Amino acid sequence: MNRTELSEYIQNSYGAKPDFPWPKYPGNEVFRHGSNRKWFAIIMDVQKSKLGLPGDDVLQVVNFKCDPGLIGTLPGEKGFFPAYHMNKSSWITVALDGSAEDDMIKMLLDGSFAATAP
């Protein structure tokens with residue numbers, strides 16, 4: 001799944017529109033619950049080196065709130081990283097370059113949506 005596909009999936013499945021809260025980073029989009037405004041997904045452009053990968057190319061990623069049990073097992077799997085710029089004990093970063101399975105991304109999205117619901 002790529003960035004565009006995920007953004008469209010979130011909008012169609014959850015009715016959440018992207019929010020671009022940082023003018024300095026126009027490529028970073030946040031998806032929030034309408035009622036409590038809590039984030040459940042953040043799509044960002046991140047330099048690979050900031051994720052422990054070689055190079056300074058930009059990688060499109062998404063952060064999800066995640067069950068701590070999964071956080072302990074997913075990083076190290078292809079396409080999964082400790083949370084970038086979020087609490088590493090309750091968030092996870094997933095690459096949007098096709099390396100993570102679409103079904104896993106959707107499962108994590110569902111879990112993040114539920115974990116941040118009012």
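Keep in mind that this is a model prediction, so the values were computed, not measured. Residue numbers start at 1 and run along the sequence shown.
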Subject >> Listed once per pair and sorted, the salt bridge (Lys or Arg N to Asp or Glu O under 4.0 Å) pairs that draw on residues 92-118, sequence neighbours left out >> reply: none
Original post:
Quick one: do L109 and V94 end up in the same hydrophobic cluster if we chain Ile, Leu, Val, Met, Phe, Trp and Tyr together by side-chain heavy atoms under 4.5 Å apart?
Top reply: yes
Original post:
When rounded to the nearest 0.5 angstrom, what is the spacing between NZ in K78 and OG in S99?
Top reply: 5.5 Å
**OP:** Search all heavy atoms of A117 against all heavy atoms of H33 and return the closest pair with its distance.
**Re:** N-NE2, 3.4 Å
Subject >> Note, I92 side chain near L70 side chain (heavy atom, < 4.5 Å) >> reply: no
**OP:** Would you name the heavy atoms of A95 and L59 that are closest together and state the gap between them?
**Re:** CB-CD2, 4.0 Å
Subject >> Candidate pair M44 and N63, rule side-chain contact (heavy atoms from CB on, under 4.5 Å), full reasoning >> reply: CA-CA 8 Å; M44 301 178 286; N63 280 356; 3.3 Å; yes
**OP:** Would you mind reporting whether I43 and N28 have side-chain heavy atoms less than 4.5 Å apart?
**Re:** no
Original post:
Are L6 and L96 close enough that some pair of their side-chain heavy atoms sits under 4.5 Å apart?
Top reply: yes
Original post:
What are the two closest heavy atoms between P118 and N36, and how far apart are they?
Top reply: N-ND2, 3.3 Å
Subject >> Results of side chain to side chain donor-acceptor pair (under 3.5 Å) for S112 - residues two or more places apart only >> reply: none
**OP:** Enumerate the residue pairs fulfilling salt bridge (Lys or Arg N to Asp or Glu O under 4.0 Å) with a member in residues 22-34, sequence neighbours excluded, ordered by first and then second residue.
**Re:** R3-E29, D19-R32
Original post:
Do you know which two heavy atoms are closest between S7 and F31, and how far apart they sit?
Top reply: OG-CZ, 3.5 Å
**OP:** Please list all pairs passing the ring pair (Phe, Tyr, Trp, His ring centres under 6.0 Å) test where one or both residues lie in residues 54-103, with sequence neighbours left out.
**Re:** none
Subject >> Test item: K48 and P54 side chains (from C-beta on) under 4.5 Å apart, heavy atoms >> reply: no
Subject >> Residue list, ring pair (Phe, Tyr, Trp, His ring centres under 6.0 Å) with Y14, at least two apart or on another chain >> reply: F40, F113
Subject >> Under the side chain to side chain donor-acceptor pair (under 3.5 Å) test, residues paired with D56 that sit two or more places apart >> reply: S49
Original post:
Would you call L108 and C66 a side-chain contact if the rule is heavy atoms closer than 4.5 Å?
Top reply: yes
Original post:
Can you get from M86 to V46 by hopping between Ile, Leu, Val, Met, Phe, Trp and Tyr side chains that sit under 4.5 Å apart?
Top reply: yes
Original post:
Going through the distances and angles, do V30 and F20 end up as a side-chain contact (heavy atoms from CB on, under 4.5 Å)?
Top reply: CA-CA 6 Å; V30 173; F20 300 89; over 6 Å; no
Subject >> Pairwise side-chain contact, T93 with V62, heavy-atom cut-off 4.5 Å (strictly under) >> reply: no
Subject >> Same apolar cluster (I L V M F W Y, side chains within < 4.5 Å links), L51/Y25 >> reply: yes
Original post:
Would you say the side-chain atoms of E8 pair up with the backbone N or O of E5, donor to acceptor, closer than 3.5 Å?
Top reply: no
